[in-house]
Amino acid sequence: DNKIHAKVEAKNTRLEIIEIVLKSLEGTEPEEFKWKYATLSNCYLAVGNIEKAAEFENNFILQNPAAWEIETFQKSKQDIAN
């Protein structure tokens, strides 16, 4: 029962994060887009919206992240998959 509850809470939290970050994209300084896109991609991936996850991953990559930033992003994706 606790596992199910934790999964539901995690999904609800990610949906809240998506809402907050989407709203925060308005008026964002260009350097802030990169991690907002990465966050959105990972949150969408975690809630099962693969299309939106791919869209925001592409937006993240278009920001020309450094190698360590890509590695961090990929590690987060892997953590979600596990």
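The first residue of the sequence shown is numbered 1, and numbering continues consecutively from there.
Side chains of Leu40 and Leu25 form a contact here, defined as non-hydrogen atoms less than 4.5 Å apart. Between Leu22 and Phe56, the closest side-chain pair of non-hydrogen atoms falls below 4.5 Å.
Rounding to the nearest 0.5 angstrom, the gap separating the CG atom in Asn2 from the CD atom in Glu9 is 11.5 Å. Here Lys36 contributes atom NZ and Ile17 contributes atom CD1; the two are 13.5 Å apart, rounded to the nearest 0.5 Å.
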Item to complete: Apply side chain to side chain contact (heavy atoms under 4.5 Å, CB included) to Phe73 and Asn42, showing your working.
Response: CA-CA 8 Å; Phe73 175 75; Asn42 282 329; 3.8 Å; yes

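Through side-chain heavy atoms spaced under 4.5 Å, either directly or across other Ile, Leu, Val, Met, Phe, Trp or Tyr residues, Ile50 is tied to Leu45, Ile80. The hydrophobic side chain of Leu62 is isolated, with no ILVMFWY side chain under 4.5 Å apart from it.
Looking at residues two or more places apart in sequence or on another chain, you find no salt bridge (Lys or Arg N to Asp or Glu O under 4.0 Å) involving Lys7. The side-chain hydrogen bond (donor to acceptor under 3.5 Å, both in side chains) check on Glu19 picks up Lys23, with sequence neighbours excluded. Applying the side-chain hydrogen bond (donor to acceptor under 3.5 Å, both in side chains) test to Asp79 and every residue at least two apart in sequence or in another chain returns Lys75.
Side chain of Ser41 to backbone of Ala38: no donor-acceptor contact under 3.5 angstrom is found. A donor-acceptor pair is defined here as one N or O able to donate and one able to accept, closer than 3.5 Å; such a pair exists between the side chain of Thr39 and the backbone of Trp35. Side-chain atoms of Asn58 never come within 3.5 Å of backbone atoms of Ala54 as a donor-acceptor pair (strictly under, hydrogens ignored).
Contact between Lys34 and Phe60 at its shortest, heavy atoms only, is O-CD1, 3.1 Å.
Within the structure, the salt bridge (Lys or Arg N to Asp or Glu O under 4.0 Å) test picks out the following pairs touching residues 38-60 (sequence neighbours left out): Lys52-Glu55, Glu57-Lys77.
Other residues, nucleotides and ligands contribute at most 12 non-hydrogen atoms within 6.0 Å of the CG atom of Asp1.
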